[in-house]
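I have placed the structure first, in the form of structure tokens, so that the comments after it can refer back to it.
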There are 2 protein chains.
Amino acid sequence: MFYICSMLSYTEENYLKALLKLSFQNEDKPEAGTNEMAAYLGVKPATATDMLKKLKEKELVTYKKYGKILLTETGKQNGIAILRKHRLWETFLYEKLDFSWDEVHEVAEQLEHIQSAKLVDKLEEFLNFPEFDPHGDPIPKANGEIPTIDKVLLSELKENELCKVVAVKDTSTLFLQYLEKLRITIGTPIKVLERIDFDGSLSIQIAGEEARNVSMKFAESLFVKR
Amino acid sequence: MFYICSMLSYTEENYLKALLKLSFQNEDKPEAGTNEMAAYLGVKPATATDMLKKLKEKELVTYKKYGKILLTETGKQNGIAILRKHRLWETFLYEKLDFSWDEVHEVAEQLEHIQSAKLVDKLEEFLNFPEFDPHGDPIPKANGEIPTIDKVLLSELKENELCKVVAVKDTSTLFLQYLEKLRITIGTPIKVLERIDFDGSLSIQIAGEEARNVSMKFAESLFVKR
DNA sequence: TATAAAAGTTAGACTAGTCTAACAAATATA
DNA sequence: TATATTTGTTAGACTAGTCTAACTTTTATA
Ligand SMILES: [Mn+2]
Ligand SMILES: [Mn+2]
Ligand SMILES: [Mn+2]
Ligand SMILES: [Mn+2]
């Protein structure tokens with residue numbers, strides 16, 4: 001794969017991954033803006049502009065003054081490589097080292113920058129070629145392919161529909177710990193008992209337990225499979 | 001342990017570990033000089049001087065202009081913490097990911113800087129509390145203790161003495177790959193058949209195989225236990 | 001002990017990544 | 001369309017870590 005250029009700094013890698021994540025987020029248009037990017041990375045817009053120029057120089061993004069930012073194919077493949085490492089490490093921490101799913105992200109943010117092609121491939125093998133990380137997000141393959149799964153937001157279900165949790169949209173500690181408290185994890189079956197039109201909240205049954213009301217915000221943060 | 005201060009940069013950590021390694025190397029006097037340190041780290045003396053001032057400011061080393069450098073207790077404990085991570089990661093790569101013993105060091109140089117107390121302790125547990133890394137070097141415990149083992153250089157043995165390999169002194173790829181070629185690894189039994197006074201070389205028997213001659217340089221690079 | 005060599009320091013410069021403050025362009029809104 | 005708001009850029013400054021070149025101190029040696 002001639003795409004993956006290995007002389008990227010820790011920081012450049014973070015920008016590429018951010019751009020990739022933003023391109024997933026803004027589904028239709030995979031473009032991003034300077035401010036959006038800066039906000040995502042926790043830096044000031046001026047800082048993002050500078051880095052953008054550098055990434056453009058290296059042909060990792062296309063962009064012109066006051067215009068939108070788009071990853072080039074090389075930029076995208078590099079971003080995917082980081083995302084792959086991130087999710088493999090999260091899986092390692094979760095599966096092998098007993099980290100909880102709200103703890104893995106922070107450490108994977110560091111581990112994703114370790115440079116060693118052998119390491120990532122061996123890690124994947126050691127984990128038995130997992131397709132999804134602890135949050136249900138797809139783990140890119142070595143060739144850059146990203147597994148897909150059909151999923152909808154819990155909020156999209158109709159009354160009496162049955163489903164299984166497949167991923168979390170919100171990966172914040174607060175949400176993940178709330179899910180743990182509700183004993184919801186990847187694979188948990190949920191039935192929608194009632195939709196409350198007033199505020200968009202739902203009455204749901206978790207793994208056959210007694211009914212429980214969850215907010216619209218909650219229902220829009222959980223991906224399920226019908 | 002109030003010793004471990006976590007706000008050390010990647011670079012500061014490398015300086016502390018280098019100082020610790022040098023203090024082991026110069027057994028009697030655990031001091032180091034500026035040039036020695038710079039050479040070890042692959043930077044120029046001027047660079048080392050600057051960093052030294054910073055480490056002194058943080059009370060991680062004691063040192064005065066034109067004087068020798070010594071780690072403070074805090075500096076030492078921080079250095080030990082890095083060394084612990086380095087050796088645990090080397091063990092992980094070797095034991096779990098099938099890295100060879102000449103490949104582990106480079107990647108562990110990166111992994112040793114990952115910040116997460118939970119990670120290192122869980123990793124140690126996952127590896128079953130190993131006492132020695134793939135090169136036979138002791139892995140510091142969480143409390144800073146460093147296991148010891150009595151070992152001598154192969155070159156110190158007399159004719160007809162029997163021993164087992166316990167560690168390598170030289171961890172260069174060239175030496176490690178040579179050992180592999182000779183089918184010598186940690187635990188391999190060796191018998192000294194003859195000492196050649198002319199050049200300090202030895203005739204040895206490796207794991208009961210036929211006799212073989214090894215140089216003085218070789219014999220001074222291998223630690224064994226009688 | 002005088003001098004040469006080795007060891008160590010200082011001054012000044014550079015890069016990567018960041019910031020603030022001022023400005024410019026694009027977009028939204030009245 | 002004129003103006004206000006949002007979005008993005010530039011200029012200039014700062015920090016960490018590095019370098020080279022010139023200088024100083026210490027140590028070794030004749
Ligand atoms: Mn994550
Ligand atoms: Mn994840
Ligand atoms: Mn090593
Ligand atoms: Mn080692």
Here the distance between atom P of C:dG8 and atom NZ of B:Lys56, to the nearest Å, is 15 Å
| task | For this output row, return yes or no: ring centroids of B:Tyr10 and A:Tyr10 closer than 6.0 angstrom. | result | no
note: B:Ile69, atom CD1; C:dG8, atom P; distance rounded to Å ~ 7 Å
State whether A:Thr34 places a side-chain N or O below 4.0 Å from either non-bridging phosphate oxygen (OP1 or OP2) of D:dT9. yes
Tested for side chain to side chain contact (heavy atoms under 4.5 Å, CB included) against B:Thr171, the lone hit among B:Glu90, B:His135, B:His105 is B:His135
Whole-Å distance, A:Asn35 CG to D:dT5 P, equals 17 Å
Do A:Phe218 and A:Asp170 come within less than 4.5 Å of each other through their side chains, counting heavy atoms only? no
Regarding the side chain of B:Asp50, the nearest nucleotide among C:dC19, D:dC19, C:dG8 is D:dC19
To the nearest angstrom, the CD-P distance between B:Glu36 and C:dA6 comes to 16 Å
Atom NZ of B:Lys64 and atom C1' of D:dT26 are separated, to the nearest Å, by 13 Å
Taking only the side-chain nitrogens and oxygens of A:Lys65, find out if one of them lies under 4.0 Å from OP1 or OP2 of C:dA26.
no
Closest to the side chain of B:Ala46, out of C:dA11, C:dT18, C:dA21, is C:dA11
B:Glu31 atom CD is separated from C:dA7 atom C1', nearest whole Å, by 14 Å
Taking D:dT10, C:dG8, D:dT7 as options, the one with an atom nearest any side-chain atom of A:Thr49 is D:dT10
B:Glu57 CD to D:dT15 P, in whole Å, measures 15 Å
* To do: Pick base, sugar-phosphate or nothing for A:Lys68, based on heavy-atom distances below 4.0 Å to the nucleic acid.
  => sugar-phosphate
Interatomic distance, CG@A:Leu16 vs OG1@A:Thr11, rounded to 0.5 Å, equals 11.0 Å
Separation of D:dA16 atom P from B:Met7 atom CE, nearest Å, is 12 Å
Discussion item. Any base atoms under 4.0 Å from A:Tyr15, or only sugar-phosphate, or nothing? Heavy atoms, all strands.
Written reply: sugar-phosphate
Please state whether the phosphate of C:dT18, meaning OP1 or OP2, lies under 4.0 angstrom from any side-chain nitrogen or oxygen of A:Thr47.
no
* Does a side-chain N or O from A:Lys53 land closer than 4.0 Å to OP1 or OP2 of D:dT10, or not? -> yes
| query | Are OP1 or OP2 of C:dG8 and a side-chain N or O of B:Lys44 less than 4.0 angstrom apart? | reply | no
Note to self: Can you tell me if B:Tyr66 touches the phosphate of D:dC23, counting only side-chain N or O atoms and a distance under 4.0 Å to OP1 or OP2?
What the structure shows: no
Donor-acceptor check, side chain of B:Arg87 to backbone of B:Pro140, threshold 3.5 angstrom: yes or no? no
